[in-house]
Participant: 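If you scroll down you'll find the structure; I have some questions about it.
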Amino acid sequence: MKHISTLLALLTLAAAMASCRQTTAPPAPYGPVPTAAQLAWQKMEYYMFVHFGINTFTDREWGDGREDPHVFRPAALDCRQWVATAQAAGMRGIIVTAKHHDGFCLWPSRYSTHTVRESGWRDGHGDLLRELSDACRDAGLKFGVYISPWDRNHPAYGTPEYNTVFADMLAEVLTAYGDVFEQWLDGANGEGPNGKRQQYDWPLFHRTVYRCQPQAVIFSDVGPGCRWVGNEDGRAGETNWSRLDTAGLEPGKIPVTDTLTTGNIFGRAWIPAETDVSIRPGWFYSPATDDKLKSLDELRAIYYASVGRNSNLLLNVPPDRNGRIHPADSLRLVELRAAIEADFRCNHAAGATLNASGIRGNDSRYAPANLLDADFDTCWATDDSVTAATLELTLRQPATFSRLLLQEYIPLGQRVAAFDVDYWDAASNAWAPLTAATTIGYKRILQFPPVTSGKLRIHIRRALACPVLSTVELY
Ligand code: FUL
């Protein structure tokens with residue numbers, strides 16, 4: 001009996017020593033890293049843009065600010081229908097044009113006389129931001145606002161006083177409707193009613209947003225929270241760094257949009273890309289575009305070129321003159337969701353075996369098996385000195401696949417700069433090249449012609465620091 005308890009004590013001690021030995025330090029962050037708000041934002045992946053306002057009723061993209069507010073007359077406006085549509089589409093939030101360039105405010109602003117109040121909609125007591133933010137909150141969708149600094153209606157536009165007006169409008173919106181996940185600010189800047197252009201006070205605008213909504217991610221051409229992807233085609237760069245150098249740049253003053261599409265490999269700030277694109281030819285509704293929606297194939301390609309390339313997708317779906325999302329748009333969105341879900345139905349990497357050329361400190365906390373669990377926060381990493389490495393995936397049985405999904409653990413920065421992928425070709429009894437790419441980032445999805453194989457090899461050729469990956473999935 002005594003022997004057994006001594007043995008047990010020794011075994012317990014050995015186990016304790018083994019766990020004490022696991023002192024491998026985690027990888028140090030590489031470069032700038034996302035804030036908690038940017039990380040939460042990145043995980044949203046796909047959400048709805050809603051362009052709605054005066055232009056919905058005038059067949060114009062940019063109203064001139066002289067429209068009669070009574071033009072705004074949605075007969076059956078129903079924000080709950082927008083929210084239900086976004087949810088059915090698999091989207092996680094909605095960003096609405098609270099004010100576009102024409103200056104018309106979808107809320108009864110104290111700082112303007114060109115608002116829903118003056119339109120007579122809901123007898124002048126309507127507040128679209130109230131209705132939409134309530135509907136979002138009730139459904140668990142996040143709520144965001146686009147408030148255009150360019151204002152073709154406001155008499156103060158083009159004078160220093162307008163900067164205060166605009167900051168007051170921001171504060172008004174950002175304190176009255178609950179949490180705002182994203183403040184969308186574009187750099188459009190044209191002449192106002194007084195024939196003058198505005199010198200925007202960006203530091204004031206940013207301070208105001210952060211004071212009212214410390215967790216909001218501020219979008220503009222160049223951040224600071226997230227950046228424009230540099231085109232309106234729905235396409236992030238094949239190489240897409242979430243880092244950007246912004247010295248000397250400001251919204252509306254960007255020398256080359258290519259930089260926004262790819263980011264800067266050694267950029268000093270963490271400013272990930274957001275891909276904004278419309279389901280219709282214009283941003284605003286027009287009956288003339290009811291039969292000109294992007295096809296399912298086009299939208300699916302956009303998904304792969306945005307979410308599949310380390311960018312969030314902000315898909316614009318403009319409600320019609322009734323104030324509802326048109327059935328054609330709703331149907332297309334649901335088709336898209338079904339197509340994407342079908343693409344990612346069967347993950348052949350689940351239950352597979354994954355071996356790595358190296359494991360950080362030979363510590364099981366950094367084992368490649370962590371890439372196969374569904375947990376973003378468990379990773380595979382190598383020793384600090386290792387910046388090229390190989391992962392070999394052995395499936396339980398040969399399968400046919402055409403998509404590889406990878407994720408880097410971005411809380412420690414973005415590292416991988418080049419990798420290629422081979423599959424085991426049973427016919428020739430050798431590895432055969434499948435595809436190659438540069439960056440991964442939060443999410444990278446590679447598509448290739450279907451192959452049938454039992455083994456796949458990912459070769460990271462170049463990383464800026466030891467690779468830290470979170471996910472490998474194969475479909
Ligand atoms: C741009 C605007 O000029 C367009 O009208 C549209 O709202 C687009 C999303 O942003 O800056």
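Order of appearance sets the numbers: ligands from 1, and atoms from 1 within every ligand.
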Participant: Using ring centroids (six-membered ring only for Trp), state whether Y475 and F344 fall under 6.0 Å.
Facilitator: yes

Participant: For atom 4 (C) of ligand 1, which candidate among R60, H100, E61 provides the closest heavy atom?
Facilitator: H100

Participant: So does A269 get a backbone contact from the side chain of D245, meaning a donor-acceptor N/O pair under 3.5 Å?
Facilitator: no

Participant: Using a 4.0 Å cutoff against the non-hydrogen atoms of D276, which atoms of ligand 1 qualify?
Facilitator: 9 (C)

Participant: Return the orientation label for the F49 and Y146 ring planes: parallel under 30°, perpendicular over 60°, tilted otherwise.
Facilitator: tilted

Participant: Between W184, F49, W62, flag the one that comes closest to atom 10 (O) of ligand 1 by a heavy atom.
Facilitator: W184

Participant: Any nitrogen or oxygen of E232, main chain or side chain, under 3.5 Å from a nitrogen or oxygen of ligand 1?
Facilitator: no

Participant: Below 4.0 angstrom from a heavy atom of H51, which ligand 1 atoms are there? Numbered from 1 as shown, please.
Facilitator: 6 (C), 7 (O), 9 (C)

Participant: Which heavy atom of the protein is the closest neighbour of atom 1 (C) of ligand 1, given with residue, atom name and distance?
Facilitator: D186 OD2, 3.6 Å

Participant: Looking at Q215, I'd like to know if its CD atom is crowded, meaning that more than 12 non-hydrogen atoms belonging to other residues, nucleotides or ligands lie closer than 6.0 Å.
Facilitator: no

Participant: Say whether Y146 and ligand 1 are in contact under the criterion: heavy-atom distance to a ligand atom below 4.0 Å.
Facilitator: yes

Participant: Are F181 and Y47, when compared by the centres of their aromatic rings, separated by less than 6.0 Å?
Facilitator: yes

Participant: Enumerate the residue pairs fulfilling side chain to side chain donor-acceptor pair (under 3.5 Å) with a member in residues 64-78, sequence neighbours excluded, ordered by first and then second residue.
Facilitator: D64-R66, D68-H70

